[in-house]
Amino acid sequence: VSPGFTTDTAEKTGLTPRTIRQDVQIVTKIAPEVRDMIRDTWLADEKKQLLILAKQDPADQRKIAEAIISGHAFTVQEAVRQLQRERRIEEMQRSVEDLMNQFHPEQYITHESYEEQAKRIPDEFIDLIFTDPPYDRKSLYHYERIAEIGKRILKPGGSLLCYAGQYLVPDIYRVMTPHLRPWWIIAVVHHDGKKARMTEYGIVVNWKPILWFVKETRGDKTRFTDDLTESPQEKDLHDWQQSEVEAAYWIEALTLPGGTVWDPFCGSGTTAIVALRLGRRPLTCDINEEAVRTARARIVEVLRNGRG
């Protein structure tokens, strides 16, 4: 719309140029068939909603109008979010199908130490490290090493999330912060199962920390995440097995479909299983041959049943 038309029309009608531009945008940008669909609905009189609708692609405008007319969405914004969510799900499903067709458990779940596996991982290749190292003091070395390795193999903006024992947190920060930047502490609450009693401290443990580190900074700070996860306790396949709930939440929140997730302590394969189901590429290892066999068997079951 030319400035002259806007100014002349505003003078003739007594409306502001801004109002004229908005009215023209609604008339010219909303597809004629969509205008016909919403003509007798409440949406036809809601200018703010119409302006948002006008900014969408014509094909999406029809889907948005259908969602509102059918009652599946109550605003244009809600309908847009639903469309975006559907597309993310479709993208994830495509990624899952692609991975299912090319995934070989023996290639991505290996019987070796994480030190050995890490040697074959290229620089800046991993999107997320999600892992559960041993919690005893003699295992501090592992926290330090995975942070050191993470600094090399994580993509800029990538994250490392590791479970930890509360009493070890200060020491873990001491050995990991020279390599990666501390970002947050996440609380995991398990409602089922036996609670640990720390007799040395006189504490009954009701929650477990996940320490969140990043390479340089968090890649996407626009997506808000909760720092509290509630889940059942799962120990049916491995003594150190963790619930799939927190793995699923953080893998989905911090990676995109097709991204690579590394777990240097495979255990029963929970991280790998969840990553594969979500359309991410898992990479993991363990020095315990029985744990590797269990994880591979679980992966095979997922491959056999689709996404599980």
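Residues take their numbers from the sequence shown, with the count starting at 1. Hydrogens, waters and symmetry mates play no part in the numbers below; they use all other heavy atoms, side chains included.
- The distance from the CG atom of D263 to the CG atom of L128 is 9.5 Å, given to the nearest 0.5 Å.
- Applying the ring pair (Phe, Tyr, Trp, His ring centres under 6.0 Å) test to Y173 and every residue at least two apart in sequence or in another chain returns F213.
- When each of W250, W184, F130 is checked for a ring-ring contact (aromatic ring centres under 6.0 Å, His included) with W212, only W250 meets the rule.
- Residues I273 and E301 fail the side-chain proximity criterion, which asks for heavy atoms closer than 4.5 Å.
- A donor-acceptor pair under 3.5 Å is absent between the side-chain atoms of D127 and the main chain of V261, judged by distance alone.
- Heavy atoms of other residues, nucleotides or ligands lying less than 6.0 angstrom from CZ of F125 number 12 at most.
- Environment of CG in D40: sparse, with no more than 12 heavy atoms of neighbouring residues, nucleotides or ligands closer than 6.0 Å.
- Looking at T294, its side chain never comes within 3.5 Å of a backbone N or O of S268 through a donor-acceptor pair.
- There is no path of hydrophobic side-chain contacts, each under 4.5 Å, that joins V189 to V204.
- For the residue pair A247 and V274, the shortest heavy atom distance occurs at C-CG1, 3.9 Å.
- Residues Y141 and L180 share a hydrophobic cluster, clusters being chains of Ile/Leu/Val/Met/Phe/Trp/Tyr side chains in contact below 4.5 Å.
- Taking the six-membered ring where tryptophan is involved, the planes of Y167 and Y201 are tilted, since the angle between them lies from 30° to 60°.
- Both I129 and I121 belong to a single network of hydrophobic side chains, linked directly or stepwise wherever heavy atoms of I, L, V, M, F, W or Y lie under 4.5 Å apart.
- In terms of modelled atom types and a separation under 3.5 Å, the side chain of R35 and the main chain of V27 share a donor-acceptor contact.
- Side-chain contact between I109 and D286 is absent, with no heavy-atom pair separated by less than 4.5 Å.
- Pairing each heavy atom of L256 with each of R280, the nearest pair is O-NE, 3.4 Å.
- Looking at R137, its side chain never comes within 3.5 Å of a backbone N or O of D171 through a donor-acceptor pair.
- Contact annotation: the side chain of R218 approaches that of R223 to within less than 4.5 Å [non-hydrogen atoms, C-beta and beyond].
- For the atom pair CZ (R152) and CD (E124), the distance works out to 10.5 Å, reported to the nearest 0.5 Å.
- Considering every non-hydrogen atom in both M37 and A65, the closest pair reads CE-CB, 3.8 Å.
- The list of side-chain hydrogen bond (donor to acceptor under 3.5 Å, both in side chains) pairs with a residue in residues 72-83, not counting sequence neighbours, reads Q49-Q77, S70-H72.
- Between V80 and K55 the shortest side-chain heavy-atom distance does not fall below 4.5 Å.
- Taken together through direct or relayed side-chain contacts under 4.5 Å among Ile, Leu, Val, Met, Phe, Trp and Tyr, L83 and I52 form part of one hydrophobic cluster.
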task: Start with the C-alpha distance between R120 and E112, add both sets of side-chain angles, then the distance that settles salt bridge (Lys or Arg N to Asp or Glu O under 4.0 Å), and finish with yes or no.
output: CA-CA 12 Å; R120 300 192 304 277; E112 61 185 333; 2.5 Å; yes

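- Between I251 and A275, the closest heavy-atom pair is CD1-N, 4.0 Å.
- Atom CG of D123 and atom CD1 of I153 lie 9.0 Å apart (nearest 0.5 Å).
- Between R62 and E66 a salt bridge is recorded (basic side-chain N to carboxylate O distance below 4.0 Å).
- By the 30° and 60° cut-offs, the orientation of the rings of F265 relative to Y114 is tilted.
- The shortest non-hydrogen separation linking P133 to C162 is CD-CB, 4.1 Å.
- At a threshold of 4.5 Å between non-hydrogen side-chain atoms, the residues I38 and L50 count as touching.
- In this structure, R277 and E244 have side chains that are in contact, with non-hydrogen atoms separated by less than 4.5 Å.
- Between E116 and T110, the closest side-chain pair of non-hydrogen atoms is not below 4.5 Å.
- Under a 3.5 Å cut-off, the side chain of T16 and the backbone N or O of T19 do form a donor-acceptor pair.
- Rounded to the nearest 0.5 Å, atoms NZ (K151) and CZ (R181) are 14.0 Å apart.
- Salt bridge status for R87 with D60: present, with a side-chain N to carboxylate O gap under 4.0 Å.
- Judged by distance alone, the side chain of Q61 and the main-chain N or O of V34 form no donor-acceptor pair under 3.5 Å.
- Not one N or O on the side chain of R145 forms a donor-acceptor pair closer than 3.5 Å with the backbone of E115.
- Between the side chain of N288 and the main chain of E290, a donor-acceptor pair closer than 3.5 Å is present.
- One N or O on the side chain of H111 and one on the backbone of I287 form a donor-acceptor pair closer than 3.5 Å.
- To the nearest 0.5 Å, atoms OG1 (T271) and CD (E246) are separated by 9.5 Å.
- When all heavy atoms are compared, the tightest approach of Y163 to K208 is CD2-CD, 3.6 Å.
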- prompt: Which is it for E86 and K63 under the side chain to side chain contact (heavy atoms under 4.5 Å, CB included) test, yes or no, and what are the steps along the way?
  reply: CA-CA 12 Å; E86 289 171 3; K63 294 177 182 177; 6.0 Å; no

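- The neighbour count for K48 NZ, taken as heavy atoms of other residues, nucleotides or ligands under 6.0 Å away, does not exceed 12.
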message: Please evaluate residues T41 and I68 with respect to the criterion side chain to side chain contact (heavy atoms under 4.5 Å, CB included), reporting the C-alpha separation (whole Å), side-chain torsions for both, the decisive distance (0.1 Å), and the verdict.
response: CA-CA 9 Å; T41 70; I68 291 175; 5.9 Å; no

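- The cluster map of Ile, Leu, Val, Met, Phe, Trp and Tyr, joined by side-chain heavy atoms under 4.5 Å apart, puts L160 and Y135 in the same cluster.
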Worked check of side chain to side chain contact (heavy atoms under 4.5 Å, CB included) between S159 and W183: CA-CA 9 Å; S159 294; W183 195 251; over 6 Å; no

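- Side-chain contact between I185 and D227 is absent, with no heavy-atom pair separated by less than 4.5 Å.
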message: Is there a side chain to side chain contact (heavy atoms under 4.5 Å, CB included) between L283 and Q117? Walk through the geometry before answering.
response: CA-CA 9 Å; L283 185 62; Q117 188 178 59; 3.7 Å; yes

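- Atom CZ of R174 and atom OG1 of T177 lie 9.0 Å apart (nearest 0.5 Å).
- Within 6.0 Å of NZ on K29 lie no more than 12 heavy atoms contributed by other residues, nucleotides or ligands.
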